[in-house]
**Q** 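Sharing a structure with you now.
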Amino acid sequence: GPVTSDAKTAQLLSIELLRYASDVLAVPPLSTEAILAAALFVKEAVKLDPGNVEIAHKQLLIAILTEEEEYIDQAVRHLLELTPGDQVAQLRRLVMAVDQFNVAEERIQAYEFLLQTSNMDELGPVISSRLAFNLAMLYRQTGNRDGFARLLGESMTLDPFYAEAMAVGAGYFQTRVSDPVASIELLV
């Protein structure tokens with residue numbers, strides 16, 4: 001239906017609250033108080049304009065910063081509800097949220113959280129496969145070979161049509177197989 005003046009006011013206020021949330025986080029050093037204030041602003045913004053994808057995305061970023069599993073879970077679900085079927089957008093937003101962290105260990109924790117069984121059921125195999133691949137690459141960068149192999153294998157299992165994971169996997173696992181027949185089976 002037509003947008004009422006109340007709805008328009010709510011949208012404008014939600015955008016203003018989103019700006020406050022961003023401003024609070026922009027002042028270094030990032031403190032717990034700033035994160036909590038930003039979370040408060042963005043929660044109110046979501047209440048005022050629950051259909052706004054940009055606000056839902058910002059909420060996910062802030063939720064990850066709070067490290068509160070329930071809040072992260074709620075933020076992921078809300079974002080997925082707003083963009084059902086748009087897996088490219090969902091994946092991009094999830095990765096952008098994780099990339100907010102400067103420290104590899106924090107990014108690893110965020111990916112591990114997203115890849116918990118309950119979240120993977122919600123995200124589906126295609127998105128979960130890409131997240132697992134990103135985590136595998138992070139493990140490779142940090143020198144965790146076991147983590148790399150495990151998550152690469154998981155990525156390949158979740159989505160056998162994910163060409164990038166398959167290419168990296170074939171190269172990696174082939175160098176670990178001395179038997180030529182097993183090597184060919186792996187490639188197939």
**Q** Can you name the side-chain hydrogen bond (donor to acceptor under 3.5 Å, both in side chains) partners of Ser22, sequence neighbours left out?
**A**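 For Ser22, the residues satisfying side-chain hydrogen bond (donor to acceptor under 3.5 Å, both in side chains) (neighbours in sequence not counted) are Lys58.
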
**Q** Donor-acceptor pair, distance only, cut-off 3.5 Å: does the side chain of His78 make one with the backbone of Pro50?
**A**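 Flag set: sc His78 to bb Pro50 pair under 3.5 Å.
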
**Q** Which other residues end up in the same hydrophobic cluster as Leu36, if Ile, Leu, Val, Met, Phe, Trp and Tyr are linked when side-chain heavy atoms come under 4.5 Å apart?
**A**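 Its cluster partners, ordered by chain and number, are none at all.
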
**Q** Nearest 0.5 Å, what's the CZ-CD distance between Phe148 and Gln141?
**A**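 Answer rounded to 0.5 Å: 10.5 Å.
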
**Q** Would you please name every residue forming a side-chain contact (heavy atoms from CB on, under 4.5 Å) with Val95, sequence neighbours left out?
**A**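 Residues passing side-chain contact (heavy atoms from CB on, under 4.5 Å) with Val95: Leu91, Asp99, Tyr111, Leu131, Asn134.
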
**Q** Is there side-chain contact between Phe133 and Leu152, with at least one heavy-atom pair below 4.5 Å?
**A**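 Yes - at least one pair of side-chain heavy atoms lies under 4.5 Å apart.
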
**Q** Is Ser128 reaching over with its side chain to a backbone N or O of Gly124, donor-acceptor style, under 3.5 angstrom?
**A**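 It does hold such a pair.
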
**Q** State plainly whether one hydrophobic cluster holds both Tyr172 and Met156, where clusters connect Ile, Leu, Val, Met, Phe, Trp and Tyr through side-chain heavy atoms under 4.5 angstrom apart.
**A**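 Cluster IDs for Tyr172 and Met156 match.
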
**Q** Locate the shortest heavy-atom distance separating Ala63 from Ile72; write the atom from each residue and the value.
**A**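 Nearest heavy atoms, Ala63 then Ile72: O-CG1, 3.3 Å.
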
**Q** Just jot down the side-chain contact (heavy atoms from CB on, under 4.5 Å) partners of Val27, sequence neighbours excluded, or say none.
**A**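 Applying side-chain contact (heavy atoms from CB on, under 4.5 Å) to Val27 gives none.
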
**Q** To the nearest 0.5 Å, tell me how far Gln109 CD sits from Leu135 CG.
**A**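 Here the interatomic distance stands at 11.5 Å.
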
**Q** Checking Arg145 against Arg140 for the side-chain contact (heavy atoms from CB on, under 4.5 Å) test, could you report, in this order, the C-alpha distance in whole Å, the side-chain angles of both residues, the deciding distance, and whether it holds?
**A** CA-CA 6 Å; Arg145 290 172 88 165; Arg140 187 165 77 177; over 6 Å; no

**Q** Under a 4.5 Å side-chain heavy-atom rule over Ile, Leu, Val, Met, Phe, Trp and Tyr, are Val46 and Ile15 clustered together?
**A**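 Unlinked, Val46 and Ile15 end up in two clusters.
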
**Q** The criterion is side-chain hydrogen bond (donor to acceptor under 3.5 Å, both in side chains); which residues satisfy it with Glu44, sequence neighbours excluded?
**A**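 Lys47.
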
**Q** Mind listing the closest non-hydrogen atom pair of Asp159 and Pro125 along with its distance?
**A**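 Minimum heavy-atom contact is CB-O, 4.3 Å.
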
**Q** Please find the pair of heavy atoms, one from Gln87 and one from Leu123, that lie closest to each other, and give the distance.
**A**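 Shortest heavy-atom separation between Gln87 and Leu123 comes out as NE2-O, 4.5 Å.
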
**Q** Under a 4.5 Å cut-off applied to non-hydrogen side-chain atoms, are Met120 and Leu115 in contact?
**A**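 Met120 reaches Leu115 side chain to side chain.
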
**Q** Find out whether Arg130 and Val126 are in side-chain contact, i.e. whether some heavy atom of one side chain is under 4.5 Å from a heavy atom of the other.
**A**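 Sidechains of Val126 and Arg130: in contact.
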
**Q** May I ask you to decide if Leu158's main-chain N or O and Ser129's side chain share a donor-acceptor pair within less than 3.5 Å?
**A**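 Pair absent, no side-chain N/O of Ser129 close to backbone of Leu158.
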
**Q** So, taking the atom named CD in Glu106 and the one named CD in Glu67, what distance separates them when rounded to the nearest 0.5 Å?
**A**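 The distance works out to 6.5 Å.
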
**Q** Does Glu16 have any side-chain hydrogen bond (donor to acceptor under 3.5 Å, both in side chains) partners at least two apart in sequence or in another chain, and if so, which?
**A**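 Checked Glu16 against side-chain hydrogen bond (donor to acceptor under 3.5 Å, both in side chains); matches are Arg19.
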
**Q** Find the distance between OG1 (Thr66) and CG (Leu61) and round it off to the nearest 0.5 Å.
**A**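 One gets 11.5 Å once the value is rounded to the nearest 0.5 Å.
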
**Q** What are the two closest non-hydrogen atoms of Ala39 and Tyr71, and how far apart are they?
**A**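 Taking Ala39 first and Tyr71 second, the nearest heavy atoms are O-OH, 3.9 Å.
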
**Q** To the nearest 0.5 Å, how far apart are CG in Asn52 and OG in Ser14?
**A**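 So the CG of Asn52 and the OG of Ser14 are separated by 6.0 Å.
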
**Q** Could you tell me which residues satisfy side-chain contact (heavy atoms from CB on, under 4.5 Å) with Leu40, sequence neighbours excluded, listed by chain and number?
**A**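 With sequence neighbours excluded, Leu40 shows a side-chain contact (heavy atoms from CB on, under 4.5 Å) to no residue whatsoever.
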
**Q** Would you please name every residue forming a ring pair (Phe, Tyr, Trp, His ring centres under 6.0 Å) with Tyr139, sequence neighbours left out?
**A**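 Partners of Tyr139 under the ring pair (Phe, Tyr, Trp, His ring centres under 6.0 Å) test: none.
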
**Q** Test question: given the 4.5 Å side-chain rule for I, L, V, M, F, W and Y, name all other residues clustered with Leu17, or answer none.
**A**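 Besides Leu17, the cluster holds Leu13, Tyr20, Val24, Phe41, Leu48.
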
**Q** For Glu112, give me all partners under salt bridge (charged side-chain N to carboxylate O under 4.0 Å, His left out), at least two apart in sequence or on another chain.
**A**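 Glu112 satisfies salt bridge (charged side-chain N to carboxylate O under 4.0 Å, His left out) with Arg150 once adjacent residues are dropped.
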
**Q** Is there side-chain contact between Glu69 and Phe113, with heavy atoms separated by less than 4.5 Å?
**A**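 Yes; the side chains approach each other to less than 4.5 Å.
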
**Q** So which heavy atom on Ala34 is nearest to which on Leu25, and how close?
**A**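 Nearest pair, atom of Ala34 first, then Leu25: O-CD2, 4.0 Å.
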
**Q** What residues form a side-chain hydrogen bond (donor to acceptor under 3.5 Å, both in side chains) with Glu122, not counting sequence neighbours?
**A**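 Glu122: side-chain hydrogen bond (donor to acceptor under 3.5 Å, both in side chains) contacts with Arg77.
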
**Q** Roughly how far, to the nearest 0.5 Å, is the CG atom of Leu18 from the CG atom of Asp49?
**A**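 Between Asp49 CG and Leu18 CG, I get 10.0 Å after rounding to 0.5 Å.
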
**Q** Show your reasoning for whether side-chain contact (heavy atoms from CB on, under 4.5 Å) applies to Met166 and Phe161.
**A** CA-CA 8 Å; Met166 287 301 166; Phe161 299 102; over 6 Å; no

**Q** Can you list everything that forms a side-chain contact (heavy atoms from CB on, under 4.5 Å) with Val53? Sequence neighbours excluded, please.
**A**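 Leu79, Leu82, Thr83, Arg93.
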
